[in-house]
Chemist: 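Before anything else, here's the structure in question.
Position 1 is the first residue of the sequence; numbering continues from there.
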Amino acid sequence: MERDVWTTDEFGGSHQGAVGVLLADGTIPDPVYFDSASGPGGRSVAQWSVYDGRQGRPRAAVLRAVCSCGWVGSQHCLDWDVIGGDELAEAGDGQAAACERGWDAHTADVAAAAVPLPEAVTILLEQLETEIDKLTATSPVAALRAVRALEVLAGRQGYWAARGIRSNHDAGQAAAALGLSEREARRLIARLGVWTPHA
């Protein structure tokens, strides 16, 4: 199914956002199927802008942000008296942008609810990013060596952190503290702790 989505580096698929559509009766429409012009098969599209009521397609009445975690944002109504014959992708751009801002606020709330990092660690991470960025401009090879050293350090420390989580927390607790879905938390802990997710 094709649809533009939003993600953050930290939360990935646990909080994948998009513009969702409601019809006038309050239902969520099925994806719109487009036949292929060049051969067999076709595409299923759920991009909000295809719900324009043309050629038998459903017509969107409301846009709202949705997230893979189940969160749903505020509703933003589409005024078809104003839209008229204009392309929905352009006429509804303001409502779609408002949806994205709502999802941005949602992920900010997720980050705020996650386990806080000590200030000293946050400052060190910011300094590292700044210094490696500078190094990249003058010596990309040295910058890559620094990144590789961080990769090794992350693997080593992540191993023991993951093992500690497995011993002292259940997956649900860890997921909530990390701002991830339980499935993604299990994957992360398993990857860093070097075991299979179902072990």
Side-chain angles (χ1 to χ4, degrees), residues 1-114 122 125-126 129-130 132-133 136-137 147 175-188 191 197:
M1 181 179 72
E2 298 180 18
R3 178 165 70 172
D4 291 343
V5 297
W6 316 304
T7 59
T8 67
D9 290 336
E10 181 174 7
F11 302 125
S14 293
H15 294 280
Q16 180 174 280
V19 177
V21 170
L22 290 179
L23 304 181
D25 62 0
T27 60
I28 299 172
D30 291 330
V32 175
Y33 183 79
F34 291 90
D35 288 322
S36 173
S38 59
R43 301 180 300 139
S44 290
V45 181
Q47 179 68 6
W48 63 271
S49 55
V50 304
Y51 297 100
D52 54 10
R54 299 177 182 177
Q55 299 179 357
R57 295 189 290 268
R59 191 171 78 168
V62 168
L63 301 184
R64 59 179 186 169
V66 295
C67 184
S68 57
C69 71
W71 171 88
V72 176
S74 301
Q75 296 187 4
H76 302 279
C77 296
L78 296 169
D79 188 339
W80 284 97
D81 289 335
V82 174
I83 295 171
D86 293 342
E87 293 294 330
L88 181 56
E90 296 179 3
D93 184 63
Q95 289 89 338
C99 291
E100 185 170 7
R101 290 192 296 271
W103 178 82
D104 286 340
H106 162 62
T107 55
D109 289 341
V110 171
T122 300
L125 290 172
E126 291 173 350
E129 183 175 9
T130 298
I132 292 175
D133 188 53
T136 300
V147 170
L178 293 169
L180 301 177
S181 67
E182 190 168 321
R183 179 184 181 188
E184 290 301 319
R186 285 182 183 276
R187 286 181 173 179
L188 174 65
R191 177 171 62 82

Chemist: In this structure, which one of Thr27, Ile28, Val32, Asp52 forms a side-chain contact (heavy atoms from CB on, under 4.5 Å) with Pro58?
Modeler: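 Of all the options given, the one that passes is Val32.
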Chemist: How close do Arg3 and Ala46 get, heavy atom to heavy atom, and via which atoms?
Modeler: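 For Arg3 and Ala46, the tightest heavy-atom pair comes out as CD-O, 3.3 Å.
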Chemist: Given Trp71 and Thr107, is the side-chain contact (heavy atoms from CB on, under 4.5 Å) satisfied, shown in steps?
Modeler: CA-CA 10 Å; Trp71 171 88; Thr107 55; over 6 Å; no
Chemist: Report yes or no: does Glu2 contribute a side-chain atom to a donor-acceptor pair with the main-chain N or O of Gln47 at less than 3.5 Å?
Modeler: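 Not a single qualifying donor-acceptor pair exists.
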Chemist: Are the side chain of Ser68 and the backbone N or O of Ser14 linked by a donor-acceptor pair below 3.5 Å?
Modeler: yes
Chemist: Specify the closest pair of heavy atoms between Leu178 and Ala114, including all atoms of both residues, with the distance to one decimal.
Modeler: C-CB, 4.2 Å
Chemist: Take atom CG of Asp9 as the centre, draw a 6.0 Å sphere, and report whether it contains more than 12 heavy atoms from other residues, nucleotides or ligands.
Modeler: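 No.
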Chemist: Nearest heavy-atom pair of Cys67 and Trp103: which atoms, and what distance?
Modeler: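 The answer is SG-NE1, 3.8 Å.
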Chemist: Is there a side-chain contact between Arg187 and Arg191 (heavy atoms, below 4.5 Å)?
Modeler: no
Chemist: Quick check: closest heavy atoms across Tyr51 and Pro31, and the distance to 0.1 Å?
Modeler: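 What the structure gives for the nearest pair is OH-CA, 3.5 Å.
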Chemist: Just by distance, do the side chain of Arg57 and the backbone of Val50 share a donor-acceptor pair under 3.5 Å?
Modeler: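 Side chain of Arg57 to backbone of Val50, a donor-acceptor pair under 3.5 Å: yes, one is there.
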Chemist: Is there side-chain contact between Cys77 and Val62, with at least one heavy-atom pair below 4.5 Å?
Modeler: yes
Chemist: For a quick test of reading the model, state the closest non-hydrogen atom pair linking Gly92 to Leu78 and the distance between them.
Modeler: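 Shortest heavy-atom contact: CA-CD2, 4.2 Å.
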Chemist: Looking only at heavy atoms, what is the nearest atom pair of Arg64 and Ser74, with distance?
Modeler: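 What the structure gives for the nearest pair is CB-O, 3.5 Å.
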Chemist: Do the side chains of Asp104 and Glu100 get nearer than 4.5 Å, heavy atoms only?
Modeler: yes
Chemist: With rounding to the nearest 0.5 Å, note down the distance linking SG in Cys69 to CG in Leu180.
Modeler: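 Separation between the atoms: 11.5 Å.
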Chemist: State which residues pass salt bridge (Lys or Arg N to Asp or Glu O under 4.0 Å) with Glu87; sequence neighbours excluded, sorted by chain then number.
Modeler: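 Counting only residues at least two positions away or on another chain, Glu87 forms a salt bridge (Lys or Arg N to Asp or Glu O under 4.0 Å) with Arg54.
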Chemist: Is there side-chain contact between Trp48 and Leu88, with heavy atoms separated by less than 4.5 Å?
Modeler: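 Yes, close enough: below the 4.5 Å cut-off.
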Chemist: Kindly say whether Gly179 contributes a backbone atom to a donor-acceptor pair with the side chain of His15 at under 3.5 angstrom?
Modeler: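 Indeed, once roles are kept as given, a pair shorter than 3.5 Å links the two residues.
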Chemist: List for me each residue that meets salt bridge (Lys or Arg N to Asp or Glu O under 4.0 Å) alongside Glu182, sequence neighbours excluded, and say none if there are none.
Modeler: Arg186
Chemist: Quick one: list whatever passes side chain to side chain contact (heavy atoms under 4.5 Å, CB included) with Asp79, sequence neighbours left out.
Modeler: Asp81, Val82
